[in-house]
2 protein chains.
Amino acid sequence: MTKTIEPVEAGTRESLMDAAEALFSERGIQAASLRAITERAGANLAAVHYHFGSKQGLVRAVFARRLTPVNEERLRRLGRAEESGGNLEEVLRAFLVPALDMARDASHGAFGRLMGRAFMEPDDEIREILIEQFSEVLHRFTAALTRLLPELPEEEVLWRFHFVAGSLGHTVACGQLIERFSDGRCAMGTAEEAAARLVTFLAAGLCAPAPGGAGRPPGSAGH
Amino acid sequence: MTKTIEPVEAGTRESLMDAAEALFSERGIQAASLRAITERAGANLAAVHYHFGSKQGLVRAVFARRLTPVNEERLRRLGRAEESGGNLEEVLRAFLVPALDMARDASHGAFGRLMGRAFMEPDDEIREILIEQFSEVLHRFTAALTRLLPELPEEEVLWRFHFVAGSLGHTVACGQLIERFSDGRCAMGTAEEAAARLVTFLAAGLCAPAPGGAGRPPGSAGH
DNA sequence: GTCTATATAGCGATAGAC
DNA sequence: GTCTATCGCTATATAGAC
């Protein structure tokens, strides 16, 4: 008769990743114990080792689950922007919006903070995960920026993309910090609002003439 | 007859802070055990509790030792810049250079990474230390920027200062990351080189017209 | 696939001799 | 001010019943 369709059963595996993501972002990866994670997930302590082999395996799974779709979306948007002769703002938006979207999303908000912090993590394994996940995105976007900013030395483009990533990471990871420092006058708002602020700021920075070199009129790169 | 001058005896207290700073930046604060710290310092495990009361006390001392002079130097430079009618670049440099100097310094390099990561630390106590250490600097610099960028809403100035801090933090904390991602084409260079890149990029971003509002010619703010 | 029970190890902190 | 020894706790990981 009716096939046995599980009624959106979360599954221990997913529950463990959800709980780990939340606790990693709240306490830091190292400080989040498997006991706390399995307790929040309503699972048994041993389940982590059954499903992921070790805590490291769980960490890797938590990062991959979110980073893979975000970076795929970035590349998709970049491709679309390039097809339609996109300008600097569009390329920036292709990089920023998928990350800001995820950081805003209620269920993914935790991972937003986690991702922002991940770049600073001392753990070698995590660094390798990030390099693996980001290498194509980095390559494709720096290539696009180099094409849009032909007057800049490539080294300068790489540095500026580094600054772009820093501003994004700080925004995604420290949303509460600016609220605290500004006495509540500043709040994250929607992903689009945050993206608009970032794009304006970062596009102007990217268009600036090279520090030591000959001047170059800003805004000549397609907007 | 020569007076007994101790030959630059480091002292257990200083050695402990040096070792803690190095290990905090290598492994993260939580992951650096007191046993590893005291071993590297050539001191006894119990010495931490004698000199600092607890691991938290040691953490607080490590941050205060570096942050207090850096932030004092920032305020000193800002004061000098304002006396001489300093422009946006000078104010930015007053904020950036003391931190970049410390991050470059061989013996303080470890703390550079540590400070960059500190903003992302989940630990509430560390957040309180930072807020305490940075509140005056933040207040004075945002006031200076608001004066230099009168066309921008104050909220926008705060956001952009947030982006400035993000770029600086990412640069200070992830110097090796850009070397790795750029296949060695980019390196930190001197503090002045890094400051020149950052100032060019950030000044242009700060001068951009407000995202939603009416345009405003960049560069009208004193340079 | 999930459980209990446990092995093994490391942690921060403290007491008390010197 | 520095040491040894140890307490009390938590961590990750695993073995084996169900």
Side-chain angles (χ1 to χ4, degrees), chain A residues 4-63 65 114 121-126 128-129, chain B residues 4-63 65 114 121-126 128-129:
Chain A
T4 315
I5 298 176
E6 291 300 321
V8 202
E9 167 65 65
T12 302
R13 216 187 125 86
E14 289 296 316
S15 302
L16 285 171
M17 286 197 277
D18 291 342
E21 180 175 277
L23 284 166
F24 287 165
S25 94
E26 286 170 21
R27 311 183 184 179
I29 293 172
Q30 151 91 16
S33 73
L34 294 185
R35 282 176 167 78
I37 291 165
T38 50
E39 187 181 348
R40 180 180 296 208
N44 187 274
L45 174 60
V48 170
H49 295 92
Y50 176 80
H51 287 284
F52 302 97
S54 67
K55 184 175 179 177
Q56 274 296 356
L58 174 59
V59 171
R60 185 174 275 273
V62 165
F63 275 94
R65 177 172 66 151
L114 177 58
E121 281 283 339
D123 190 290
D124 284 340
E125 172 98 8
I126 293 167
E128 287 309 311
I129 294 172
Chain B
T4 314
I5 298 176
E6 291 300 321
V8 201
E9 169 63 68
T12 302
R13 217 186 125 84
E14 289 296 316
S15 302
L16 284 171
M17 287 196 276
D18 291 341
E21 180 174 277
L23 283 167
F24 288 165
S25 94
E26 285 169 22
R27 310 183 185 180
I29 293 171
Q30 150 94 16
S33 73
L34 294 184
R35 284 174 168 81
I37 291 165
T38 50
E39 186 182 349
R40 181 181 293 210
N44 186 272
L45 174 60
V48 169
H49 296 92
Y50 176 80
H51 286 285
F52 303 98
S54 67
K55 185 176 179 177
Q56 274 297 355
L58 174 59
V59 171
R60 186 174 275 274
V62 165
F63 275 94
R65 177 172 66 150
L114 178 58
E121 281 283 339
D123 189 290
D124 284 341
E125 171 99 7
I126 292 166
E128 287 310 310
I129 294 172

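Note that the structure is a prediction, hence the values are computed from the model and not measured. Letters go in sequence order (proteins before strands), and every chain restarts at 1.
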**OP:** Indicate for each nucleotide in nucleotides 2-18 of chain C, in 5' to 3' sequence, whether protein heavy atoms under 4.0 Å reach the base (B), only the sugar-phosphate (S), or nothing (-).
**Re:** BBB------BBBB----
Original post:
Are there more than 12 heavy atoms of other residues, nucleotides or ligands under 6.0 Å from atom CD of A:E39?
Top reply: no
Original post:
Side chains of B:L114 and B:F63: closer than 4.5 Å at any heavy-atom pair?
Top reply: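 Yes, close enough: below the 4.5 Å cut-off.
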**OP:** Kindly give the heavy-atom pair with the smallest separation between B:I37 and B:A19, and that separation in Å.
**Re:**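 Closest approach of B:I37 to B:A19: O-CB, 3.5 Å.
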Original post:
What's the shortest heavy-atom distance between B:H51 and B:L16, and which atoms?
Top reply: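 Of all heavy-atom pairs spanning B:H51 and B:L16, the closest is CD2-CD1, 4.2 Å.
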Subject >> Qualifying residue for salt bridge (Lys or Arg N to Asp or Glu O under 4.0 Å) with B:E21, from B:R40, B:R65, B:R27 >> reply: B:R65
